[in-house]
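Numbering of ligands and ligand atoms starts at 1, following listing order. All figures in this text were calculated on a predicted structure; none of them were measured in a lab.
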Amino acid sequence: MVPPRDLREWITLLEREGELRRITAEVDPDLEITEITDRVVKSGGPALLFENPKGSRHPLLINQFGTERRMCMAFGVAKLDDVAAKLEDVLEMQPPQGLVEKVRGLRKLKSIADSMPKTVSKASCQEVVLEGNDIDLSALPIQRCWPGDPAPFITLPAVITKDPNSGVRNVGMYRMQVIDGRSTFMHWQIHKDGRADLLAAEDGRIPVAVAIGLDPVTAYSASAPLPKHIDEFMLAGFLKGEAVELVHCKTVDLEVPANAEIVLEGHVSRDDVGLEGPFGDHTGYYTPPEEFPIFRISAITMRRDAIYPSIVVGKPPAEDAWLGKATERIFLPAIRMTVPEIVDYDLPIAGAFHNCVIVSIRKAFPGHAQKVMHAIWGLGMLSLSKSVVVVDADVNVHDYEEVFFRVCANVDPKRDVLITEGPLDHLDHSPTLQFYGGKLGIDATAKGPAEGARPWPEEIAMSDEIRELVTRRWAEYRIS
Ligand SMILES: Cc1cc2nc3c(=O)[nH]c(=O)nc-3n(C[C@H](O)[C@H](O)[C@H](O)COP(=O)(O)O)c2cc1C
Ligand SMILES: [Mn+2]
């Protein structure tokens, strides 16, 4: 299986696999689509293509990422860990020995070289070019997601900027509240790369391009928390096994994916700001109004019959859960590069990703769990994690019953709970101060005497001999 090459190929694949429903009835992007989608997402239902959204001639696609199966289909893999394995293969490269290994090594290096985006001169995303008075966002079926939202929000964009100093591209998924037909807010949170690009601009103004309606891997890559100096389109190219094709924008000095359905071009300035929100957010609460910069649009380009994709976040689980789970799996090898004692980790969906990390480690010395907590609090976007639970290597971090059992059984709160402080997620409403507050570490590993514990008891397990005997005789007991 290869990942779909554009949104249309993706829709065809979803439909062939019984993973898409077309809705022909006229449905309102104002709240009605949210309620329908929320019911379908929470019951594990299909992607939805609203062919007749009220007030627009553009179909609206939603819930494309809403299940593990569809997420795997997007990446062309059987399970998300297969994506991680591909990345691990390259990260763990050793100097090759012998001819066979050298050839294999060269193939791996080529897969990296081929990941670099390449530029094309003609692109379907520019079949229609709208400038001047023709620019009108109201032609798109942009959703107002929740009753407390003051306006429609573009929720699934890939926002493209360049670092004014290094010239390195950044791609991020940041919601955009519609202000009028030619402007939106740009919700660049404080820890994000797009905001850093704006802050680095000498004249306080940067060009911005927004690509909407991409192949699913490229769309995913916009949500991936890569270090600032790495272009998310390179990751997309690597994961797709094919370079992302880019085309120059019409009115700004940036490039956008040639296969996009819709592109918005324009500028953002530091001194052109306003109150964004409130917005029914992925925390499950409304994020209160806050000052964010305004995106002024200089051109809209699109495919002739452009399809508009959207996503609704809200109380977990929502569709974005699987984008988050993809990141959890894909980034495990990279995390292990710096913290190799980590066996596995899990970011519970109900914890909205930044609230809780469960991590299993190969414990080798006293205080090892605390070392790993601090490593997580120092690692990329994981640094914003509010709580970290550490368990031993043999505990399945994805089995929350088992993790809860270990936390309850193995923790002396006075000895094994660490309360500290540090940076927190922009959207977290619980800390006294925005951005900064308490952090909780729970050491649920087995403790030794050097950590102040009494001799640790042995865990109960049946002997292999009796287990085999019972398996052999099972039919004889006539239980089932
Ligand atoms: C559906 C969805 C919506 C998101 N909305 C925002 C947003 O409005 N603002 C923001 O800063 N991050 C948002 N994020 C998270 C960013 O996309 C993510 O942190 C990404 O790594 C940002 O790119 P960057 O690391 O290049 O800044 C959203 C993620 C998803 C999946
Ligand atoms: Mn980035």
Side-chain angles (χ1 to χ4, degrees), residues 34 37 41 61-66 71 74 143 145 149 153-163 166 168-178 184-200 206 208 210-212 214 216-236 268 276-283 286-287 289-293 295 309-314 316-328 330-331 334 347 349 352-354 379-385 423-428 434-435:
T34 298
T37 307
V41 169
L61 175 71
I62 199 160
N63 201 21
Q64 57 176 307
F65 297 116
M71 209 65 215
Q143 279 185 278
C145 297
D149 296 359
F153 284 78
I154 298 172
T155 50
L156 203 63
V159 177
I160 300 156
T161 51
K162 276 189 180 163
D163 184 315
S166 67
V168 172
R169 181 178 15 251
N170 190 71
V171 190
M173 190 172 283
Y174 318 103
R175 68 162 185 254
M176 297 158 62
Q177 178 184 332
V178 174
T184 74
F185 285 109
M186 187 55 77
H187 191 255
W188 281 328
Q189 292 165 19
I190 190 171
H191 306 104
K192 305 302 171 74
D193 296 343
R195 174 185 288 237
D197 286 346
L198 176 62
L199 294 181
I206 54 169
V208 176
V210 178
I212 302 166
L214 302 170
V217 174
T218 307
Y220 158 76
S221 75
S223 76
L226 288 177
K228 173 120 187 19
H229 60 280
I230 301 179
D231 177 354
E232 281 81 3
F233 285 155
M234 205 181 94
L235 174 70
V268 172
E276 196 257 15
F279 178 67
D281 226 312
H282 81 115
T283 55
Y286 285 102
T287 300
E290 192 180 342
E291 201 167 81
F292 278 93
F295 173 55
S310 187
I311 189 169
V312 172
V313 300
E319 182 184 347
D320 61 322
W322 290 104
L323 288 168
K325 278 288 158 191
T327 289
E328 177 201 289
I330 291 169
F331 279 76
L347 308 175
I349 290 167
F353 294 99
H354 54 261
L379 209 61
M381 283 297 118
L382 274 178
S383 63
L384 305 178
S385 303
L424 292 171
D425 189 86
H426 194 130
L427 304 178
D428 191 337
Q434 194 181 16
F435 309 125

Rounded to the nearest 0.5 Å, what's the gap from [atom1] on [X] to [atom2] on [Y]? Could you check?
| X | Y | atom1 | atom2 | value |
| --- | --- | --- | --- | --- |
| W188 | T161 | CH2 | OG1 | 5.5 Å |
| F65 | M71 | CZ | CE | 5.5 Å |
| S385 | L347 | OG | CG | 7.0 Å |
| N63 | E319 | CG | CD | 5.0 Å |

Closest protein heavy atom (residue, atom, distance) for [atom]:
| atom | answer |
| --- | --- |
| atom 30 (C) of ligand 1 | M173 SD, 3.6 Å |
| atom 15 (C) of ligand 1 | K192 NZ, 3.6 Å |
| atom 18 (C) of ligand 1 | S223 O, 3.7 Å |
| atom 23 (O) of ligand 1 | Y174 OH, 3.5 Å |

- Message: Applying side chain to side chain contact (heavy atoms under 4.5 Å, CB included) to L323 and I311, what does each step give before you reach the verdict?
- Response: CA-CA 11 Å; L323 288 168; I311 189 169; 3.9 Å; yes
- For the atoms OD2 of D193 and OD1 of N170, give the angle they form at the Mn ion (ligand 2), rounded to 10 degrees. 90°
- Does A222 reach ligand 1, in the sense of a heavy atom lying below 4.0 Å from it? yes
- Side chain, backbone, both or neither: which part of D193 has a heavy atom under 4.0 Å from ligand 1? both
- Examine the proximity of ligand 1 to V171 and report which part, side chain or backbone, both or neither, has a heavy atom under 4.0 Å away. backbone
Nearest to [atom] by heavy atom, [options]: which?
| atom | options | value |
| --- | --- | --- |
| atom 21 (O) of ligand 1 | G194, A224, G172 | A224 |
| atom 10 (C) of ligand 1 | K228, R169, Q189, E276 | Q189 |
| atom 8 (O) of ligand 1 | H354, H187, M381 | H187 |

Does any N/O atom on [X] come nearer than 3.5 Å to any N/O atom on ligand 1?
| X | value |
| --- | --- |
| D320 | no |
| L226 | no |
| E232 | yes |
| V313 | no |

- Does CE in M173 sit with more than 12 non-hydrogen atoms of other residues, nucleotides or ligands closer than 6.0 Å? yes
- Assign the ring pair F153 / F279 to parallel, tilted or perpendicular, where the plane angle (0 to 90°) is split at 30° and 60°. tilted
- Taking the inter-plane angle between the rings of H187 and H426 on a 0 to 90° scale, is it parallel (under 30°), tilted (30 to 60°) or perpendicular (over 60°)? tilted
- Could you go step by step and tell me if H354 and M381 meet the side chain to side chain contact (heavy atoms under 4.5 Å, CB included) rule? CA-CA 8 Å; H354 54 261; M381 283 297 118; over 6 Å; no
- Which of the atoms of ligand 1 are close to I311, meaning less than 4.0 Å from one of its heavy atoms? 1 (C)
- Item | L323: numbered ligand 1 atoms lying under 4.0 Å from its heavy atoms | 31 (C)
- Would you call V312 and V41 a side-chain contact if the rule is heavy atoms closer than 4.5 Å? no
- Message: I want to check something: taking the side chain as every heavy atom from C-beta on, are M176 and P157 in contact at a cut-off of under 4.5 Å?
- Response: yes
- min-distance N/O/S atom, E232 vs the Mn ion (ligand 2), resolves to OE2
